[in-house]
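Just so it is clear, the values below take in all heavy atoms, side chains as well, and ignore hydrogens, waters and symmetry mates. From a predicted model like this one, the values you see are computed outputs, not experimental measurements. Letters go in sequence order (proteins before strands), and every chain restarts at 1.
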Amino acid sequence: MVIASVLYFIGPCALSAAPAKQASTATKWNVLVDRISPGETNIDPAFQQAIYENLIEELGKTTRFNQIFRSGDRKANEAPELLILKTEVQKYQAGSETRRAVTTITGATKLRVDSKLCTKEGQVVFQSQVDGNVRFLGGNLRATHNLARHVAKKLKDATLPNISSETRDRSSDKSEVAHLGKQ
Amino acid sequence: MNLLVKKRMSRWMNPIRSLRELGIHWSAALILFATWQGSLLAQSSNKANSVTSVSARHVIGLEGVRKNAQGQLTLANDTLKFQKNGEAAVEIKTVSITSVSTGQQDKQVGGIPVALGRAATPFGGGRAIALFSHKKYDVLTLEYQDKDGGLHGAVFQVAKGQSQSIQNELAANGVRVVEAQAKQAKSGTEDKSENK
């Protein structure tokens, strides 16, 4: 009797939760993390790769995006609502852990990147400059982890265009093009 | 004495016998030559199937391996393997590696406990300790593609001077080498010239 009553109350809730989850995943954007551009800096390749890998890891933690694709992934071509995260290094200062330990005030590793979220068509929907530094404790590559965390936080808090409106705009554009073609 | 002289004389006098002896010498030389050639061939074939193995710490990027895992990085038979002690190896085919680069970093030894100890040392003694408690290491960076074409970047930390052997082996397999240090030095001189 007790079990039946519990099932009576919990059952519909559990059933209603599943479609809600499906709906939430359906309305999320997919994101493709593009290769890190060194820009004008002489950034070490290890830092470049560490930023890229940390970005993928940290973006996965945010749950803001439905799927996260790597640069060059063929599966991304079939993803319907895709944003591309482009990252360009703007400032890179190679630090030294020993200098940090000895002097405290010098030897910081500093990174600054320009992060852009673009649509497939190249329209920028979000842009921000983000810093990642190591000033006291930790290795130099920790700067890349800090940077990726900050980028992920900014993207989590960012207001992205609604998927339905975006797709509607795109479909209306297509219909306009078709209309013009007919004329 | 006489016997020896007689023996030598008879050798000179009997050319057929001396030729037979010469033939024996030639065959011995041929056997020696063949053995030497065989060893050379074996060496070259070993070179073709050369195995380069270094102890490495995985920093980031290798799929299926946790960060800071210590293991053995082995390059053999067109495959780069990272094997953590007693666990299955993670393999990357060298054809899927698009670029390799090496660099050098330094770190303080001992981690957090030693860092706290240094901070607790009075009269700035911790700074003096920090001056001598650092170690240089090599950073090996690989860029490779997975089966879907997705880009991966793996970073390994190896002992000083050991990354070069892996880089050379990969370069011999046709992997592009990214010269990080040269680029840095070049841009450094450019910066200086700009300042002037």
Compare every heavy atom of A:Arg70 with every heavy atom of B:Gly150, then report the nearest pair and how far apart it is.
-> CA-CB, 4.0 Å
Which bit of B:Gln105 comes within less than 4.5 Å of chain A, counting heavy atoms only: side chain, backbone, both or neither?
-> side chain
When clusters are formed by joining ILVMFWY residues with side-chain heavy atoms under 4.5 Å apart, either directly or through shared neighbours, do A:Ile36 and B:Ile97 land in the same one?
-> no
For B:Val155 and A:Ala46, the nearest pair of non-hydrogen atoms, with its separation, is CG2-O, 3.9 Å
Among residues 119-132 of chain B, residues within the sub-4.5 Å heavy-atom range of chain A, in order of number, are B:Arg127, B:Ala130, B:Leu131
Distance (rounded to the nearest 0.5 Å) between A:Thr98 OG1 and B:Lys136 NZ = 9.0 Å
Give, for atom NE2 of B:His134 and atom CZ of A:Arg99, the distance between the pair rounded to the nearest 0.5 Å.
-> 12.5 Å
Minimal heavy-atom distance between B:Thr141 and A:Gln49, with the atoms involved, is CG2-CG, 3.4 Å
To the nearest 0.5 Å, what is the distance between CG (A:Leu141) and CD1 (B:Ile60)?
-> 8.5 Å
Closest heavy-atom contact between A:Ala101 and B:Arg118?
-> CB-NH2, 4.2 Å
Indicate, with yes or no, if B:Leu140 and B:Val59 share a hydrophobic cluster defined by side-chain heavy-atom contacts under 4.5 Å among Ile, Leu, Val, Met, Phe, Trp and Tyr.
-> no
Hey, which residues of residues 157-165 of chain B are touching chain A, say heavy atoms under 4.5 Å apart?
-> none
First locate atom NZ of B:Lys135, then atom CD of A:Glu97, and finally report the distance between them rounded to the nearest 0.5 Å.
-> 12.0 Å
Examine whether an atom of A:Thr104 lies under 4.5 Å from a heavy atom of chain B, and if so say whether it belongs to the side chain, the backbone or both; otherwise answer neither.
-> both
Those residues of residues 129-138 of chain A that come under 4.5 Å of chain B on a heavy-atom basis, listed by number, are A:Leu137
Excluding sequence neighbours, so at least two apart, what forms salt bridge (Lys or Arg N to Asp or Glu O under 4.0 Å) with A:Lys61?
-> A:Glu57, A:Glu58
Just wondering, are more than 12 heavy atoms of other shown residues or ligands nearer than 6.0 Å to CD in B:Glu91?
-> yes
Please check if B:Ile166 and B:Val177 belong to a single hydrophobic cluster, counting links between Ile, Leu, Val, Met, Phe, Trp and Tyr side chain heavy atoms closer than 4.5 Å.
-> yes
About how many Å separate NZ of B:Lys107 and OG of A:Ser96, when rounded to the nearest 0.5 Å?
-> 14.0 Å
Do B:Val65 and B:Ile92 belong together in a cluster built from hydrophobic side chains that touch within less than 4.5 Å?
-> yes
When clusters are formed by joining ILVMFWY residues with side-chain heavy atoms under 4.5 Å apart, either directly or through shared neighbours, do A:Leu85 and A:Trp29 land in the same one?
-> yes
Looking only at heavy atoms, which two atoms of A:Arg35 and B:Leu151 are closest? And how far apart?
-> NH2-CD1, 3.7 Å
Per-residue tally against chain A (heavy atom, under 4.5 Å) across B:Gln145, B:His152, B:Lys147 peaks at B:His152
Is A:Lys86 atom NZ crowded by more than 12 heavy atoms from other residues, nucleotides or ligands, each under 6.0 Å away?
-> no
With a 4.5 angstrom heavy-atom cut-off, could you sort out which part of B:Lys67 is near chain A: side chain, backbone, both or neither?
-> side chain
